[in-house]
There are 2 protein chains.
Amino acid sequence: MYLTLDLESEEPIYTQLKYQIIAGIAKKELSPGEGLPSVRSLAADLGINLHTVNKAYQQLKQEGFILIHRQKGVVVNPDGVPQANEAYWSELESKIHPLIAEAVCRNVSEKDFLQLCSQIFTKFNIKDDES
Amino acid sequence: MYLTLDLESEEPIYTQLKYQIIAGIAKKELSPGEGLPSVRSLAADLGINLHTVNKAYQQLKQEGFILIHRQKGVVVNPDGVPQANEAYWSELESKIHPLIAEAVCRNVSEKDFLQLCSQIFTKFNIKDDES
DNA sequence: TAACTGTTATACTATAAATATAACAAATAA
DNA sequence: TTATTTGTTATATTTATAGTATAACAGTTA
């Protein structure tokens, strides 16, 4: 799995890392139980600091995406990601709300908006391996 | 139009201001050509600093939501908000992408996700005044 | 023993957010 | 004319976050 960073972006590096790993799980490029690089080696590969990687890992751990064993290192959660709960839906709504507010202002139709979402969903539905 | 701020939120105050004004335009609580409070009076009403309001206004101005005349003060863009262009769609996609990545991880179906979006759209479709 | 793991601690730089004053230029109202 | 209000600009300060730089500790593994 490839990780690419945009050091010019306003989006913090650790956030970019988080969402690329989440996207990797969504696309099944990362499987449950699969190991991730150590904080030191990943930091070295990406040319960034150990703590920046650690911050991304800690948040992914707290949100249930990965587990961190003293022994086994960092692994994608073998039991899968926690299912959507009430708190998740509430937070998701508050993230989408301002996007739709602006869309409505710009006369974007509900149909076109939903179509964009569908199109993005499709990117994650590519079947298993691509060999 | 009421503006409410959450000073405990991690979301910057000027961002909260921006999106509540955008939401006001979307809900037609704010009409094209309608005046907005001066930076000083709004800051005083909300108990925040002049520059925080100014920052929100400047960004809204740059994005075409409002106009600022020396004479007339601050008004909602009489010509309406600029239509969605290629840059807008591109930026929107990059904002939705990580949300859908996480949704896929949590086994949220495309149908449920689109349903949430539809539900939010409905909030902006309330007809005109509510007298 | 040596190397590697996650973890913790400290210190530093840089940037963003927010506030606090102050002042300027233009328009308006007394 | 004076006084007030407008948006605007300029400085300075505080606070918090992001990122880096070292260093060390406690386990695990080769």
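Throughout, protein chains are lettered first and strands after them, A, B, ... in sequence-line order, and every chain is numbered starting at 1. No hydrogens, no waters, no symmetry mates; every other heavy atom, side chains included, goes into these values.
Within the 4.5 Å cutoff, the side chain of A/P37 has no heavy atoms near those of the A/D45 side chain. Side-chain atoms of A/S31 and A/V76, non-hydrogen and from C-beta on, never get closer than 4.5 Å to each other. Between A/I25 and A/N77, every side-chain heavy-atom pair lies at or beyond the 4.5 Å cut-off. Within the 4.5 Å cutoff, no side-chain heavy atoms of A/L92 are placed close to those of B/E102.
The distance between atom CG of A/N54 and atom P of C/dT10, rounded to the nearest whole Å, is 16 Å. As rounded to whole Å, 15 Å separates atom C1' of C/dA16 from atom NZ of B/K18. Spacing between atom CD of B/E11 and atom P of C/dA16 amounts to 18 Å, rounded to whole angstrom units. At whole-Å resolution of the value, CG in B/L7 and P in D/dA16 are 14 Å apart. Note: CD (A/E10) to C1' (D/dA18) measures 13 Å, nearest angstrom. The distance from atom CD1 of A/I68 to atom P of D/dG27 is 17 Å, rounded to the nearest whole Å. Rounding to whole angstrom units, CD of residue A/Q62 and C1' of C/dT7 are separated by 16 Å. Rounded to an integer number of Å, the gap from A/E8 CD to D/dA18 C1' is 15 Å.
Taking 3.5 Å as the limit, the base of D/dT22 and the side chain of A/R40 contain no donor-acceptor pair of atoms between them.
When distances are taken from the side chain of A/I13 to each of C/dT19, D/dG19, D/dT9, the shortest belongs to D/dG19.
A pairwise comparison of heavy atoms in A/E110 and B/S118 identifies OE2-OG, 2.8 Å as the closest pair.
At the heavy-atom level, B/Q58 lies under 4.0 Å from the strands shown only through sugar-phosphate atoms. Nucleic acid contact for B/Y14: sugar-phosphate only, since backbone atoms but no base atoms lie under 4.0 Å from a heavy atom of the residue.
Under a hydrophobic clustering in which Ile, Leu, Val, Met, Phe, Trp and Tyr are joined whenever their side-chain heavy atoms come within less than 4.5 Å, directly or via other members, B/F124 and B/M1 fall into different clusters.
Within a heavy-atom distance below 4.0 Å of DNA chain D, the residues of residues 42-53 of chain A found are A/I48, A/N49, A/H51, A/T52.
The shortest distance between the side-chain N/O atoms of B/K55 and the OP1/OP2 oxygens of D/dT8 is not below 4.0 Å.
Aromatic rings of A/H97 and B/F121 (six-membered ring for Trp) have centroids beyond the 6.0 Å cut-off, not under it.
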